[in-house]
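All of these numbers come straight from a predicted model, not from anything done at the bench. Counting from 1, the numbers follow the sequence of the chain as shown.
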Amino acid sequence: MEKRESGLDLLRVVALLFVVTFHLYLNNGYYYETQKGLYMLLAGSFRWLSTCCVGLFLMLTGYLKSDRTGIKDCYRALAPALLGYLLAAVISIPVRHFAFGDQMSLGVWLKRLFGFSAVYYGWYVGMYIGLTLLSPFLNLLLRQLREKKQLLGFAAVLLLLTALPGVTPLPVAPDFWRRMYPLTYYVLGAVIRRLQPKVRRWLALLTAILLAVGLGAATLLSTDGKLSEAFTQEFADLWITAITVCTFLSLYRLRLPSGWQKVFRFAAGGCYGGYLLSHLLDAWCYRCFPQWQTPVQYPKLFFAVTVPIFLTSLLTGKALQWDVSALLHSRRRDTGC
């Protein structure tokens, strides 16, 4: 972007907050609680809202990269992503092996390193690499879609293939293509970049919240108490996609005051590394507060544990970004690039 857009930095930070929040539910006993009552409705609604985390990152990728058609220009992003993953693995492997009891042989750890599972959330790196490899060719295709109806038609077909099958167990759409959802989010971000839709921010945000509450209510009403029997949605599915798009539209054009622009620009640089390293804090911090792992205590757990994990993850991610930048700069200087 010729001029940095503060709303996009805010979206990155919100996406990381939602990542850490979504992982809160892996550690607070939510999946073993009876799905009944007001507190579970609130908890479930907040969980559904946080599920848009991955989609926000992917839409940001499409928004920022969709104007690039040169292969070299597109693939340049792979170097910091891979180096960041490698440094995160260097930190994560010893901690998981010696502190968390994930004791495995060197050969197994090497296999996990190259399989993008040496870092607990490394699956995102493997997915991002594939999306980046496809991006110059996808961008060429998008460039040929010059009319608004062509762009929207392409996005609609992708939604049909990846998002609609999860709405109902009935075979309303071919289920085979659901795992292609990163392309859908990428294209949605690209379409928003091209069309620059202007919507009422409060209305888009309210719609996202109401959808999350609706999903929370559907979860409780579709079961006699066990979450395994309840209505479920995944990153790819239509209602989560709708929440993601509404959240994106509510913030992407937001202009922050100059002071806050600097804060969020600084914080945005720590989101990738913070995502990769956040599990090390998740796996330790929540164990210290077992008395708060009940629905009534979830708000206290969020503010006292989740928010500090989020802030610490941002700072450690920023340190990781500085290390990556220093190493890449040193390499360019040594090779004369």
- Measure the CG-CG distance between L249 and L188 for me, rounded to the nearest 0.5 Å. 9.5 Å
- Nearest heavy-atom approach of L314 to L16 is CD2-CD2, 3.4 Å
- For T244 and C52, the nearest pair of non-hydrogen atoms, with its separation, is OG1-CB, 3.0 Å
- Partners passing side-chain hydrogen bond (donor to acceptor under 3.5 Å, both in side chains) against E234 (at least two apart in sequence or in another chain): none
- Message: Hydrophobic cluster membership, with links at side-chain heavy-atom distances under 4.5 Å among I/L/V/M/F/W/Y: are F303 and I309 in one?
- Response: yes
- What distance separates S66 OG from R143 CZ, expressed to the nearest 0.5 Å? 9.5 Å
- Query: Rounded to the nearest 0.5 Å, what separation is found between the OH atom of Y25 and the CZ atom of F46?
  - Reply: 6.0 Å
- M104 versus H97, closest heavy-atom pair with distance: O-CE1, 3.1 Å
- Message: Less than 4.5 Å apart, side chain to side chain, heavy atoms only: is that true for Y120 and R96?
- Response: yes
- Message: I need the minimum non-hydrogen distance between G269 and K318, along with the two atoms involved.
- Response: CA-NZ, 3.9 Å
- Query: Strictly by modelled atom types, are Y186 and N139 linked by a side-chain donor-acceptor pair under 3.5 Å?
  - Reply: yes
- Query: Going through the distances and angles, do Y85 and F116 end up as a ring-ring contact (aromatic ring centres under 6.0 Å, His included)?
  - Reply: CA-CA 8 Å; Y85 167 72; F116 298 104; 5.2 Å; yes
- Task: Applying side-chain hydrogen bond (donor to acceptor under 3.5 Å, both in side chains), name anything that partners R47, two or more places apart in sequence or on another chain.
- Result: Y31
- Item | Gap separating the CD1 atom of I243 from the CG atom of L211, nearest 0.5 angstrom | 5.0 Å
- Might you work through the side-chain contact (heavy atoms from CB on, under 4.5 Å) test for L142 and F137, ending with a clear yes or no? CA-CA 9 Å; L142 288 167; F137 310 103; over 6 Å; no
- Query: For A118, does its backbone N or O pair with a side-chain atom of R112 as donor and acceptor, under 3.5 Å?
  - Reply: no
- Message: Testing the basics here: between C53 and F18, what is the closest heavy-atom pair and its distance to 0.1 Å?
- Response: CB-CB, 3.6 Å
Using residues 272-279 as the side-chain source, report each donor-acceptor pair under 3.5 Å to any protein atom, sequence neighbours left out, with the distance given to one decimal.
residue: Y272; atom: OH; partner: A81; partner atom: O; Å: 2.7
residue: S278; atom: OG; partner: Y275; partner atom: O; Å: 3.0

- Residue among T184, D237, T162 satisfying side-chain hydrogen bond (donor to acceptor under 3.5 Å, both in side chains) with R178: D237
- Message: Under the criterion side-chain contact (heavy atoms from CB on, under 4.5 Å), I'd like the reasoning laid out for R201 against Y252: C-alpha separation, chi angles, the key distance, then a yes or no.
- Response: CA-CA 9 Å; R201 294 192 185 95; Y252 85 109; over 6 Å; no
- Residue pair W48 / T219, side-chain donor-acceptor N/O under 3.5 Å: yes
- Item | Nearest heavy atoms of L256 and S6, plus distance in Å | N-OG, 3.1 Å
- Hey, what do you get for CZ (R12) to CG (L64), rounding to the nearest 0.5 Å? 5.5 Å
- If you measure only the distance, is there a donor-acceptor pair under 3.5 Å linking the side chains of Q196 and R253? yes
- Task: Report the distance from atom SG of C74 to atom CG of L131, rounding to the nearest 0.5 Å.
- Result: 10.5 Å
- Message: With clusters defined by side-chain heavy atoms of hydrophobic residues (ILVMFWY) lying less than 4.5 Å apart, directly or transitively, does L206 cluster with L56?
- Response: no
- Message: Any side-chain to backbone donor/acceptor pair from T69 onto L140? Under 3.5 Å, distance only.
- Response: no
- Message: Determine whether a donor-acceptor pair (N or O, by modelled atom type, separation under 3.5 Å) exists between the side chain of E33 and the backbone of P295.
- Response: no
- Take H23 and Y286 through the test side-chain contact (heavy atoms from CB on, under 4.5 Å) and record every step on the way to the result. CA-CA 11 Å; H23 295 154; Y286 291 110; over 6 Å; no
- Could you tell me whether the side chain of L281 reaches within less than 4.5 Å of the side chain of S313, counting heavy atoms only? yes
- Would you find a donor on one side and an acceptor on the other, under 3.5 Å apart, between the side chain of Q150 and the backbone of R146? yes
- Task: Would you verify whether the NZ or CZ of R287 falls within 45 degrees of the ring axis of F100 while also being under 6.0 Å from that six-membered ring's centre?
- Result: yes
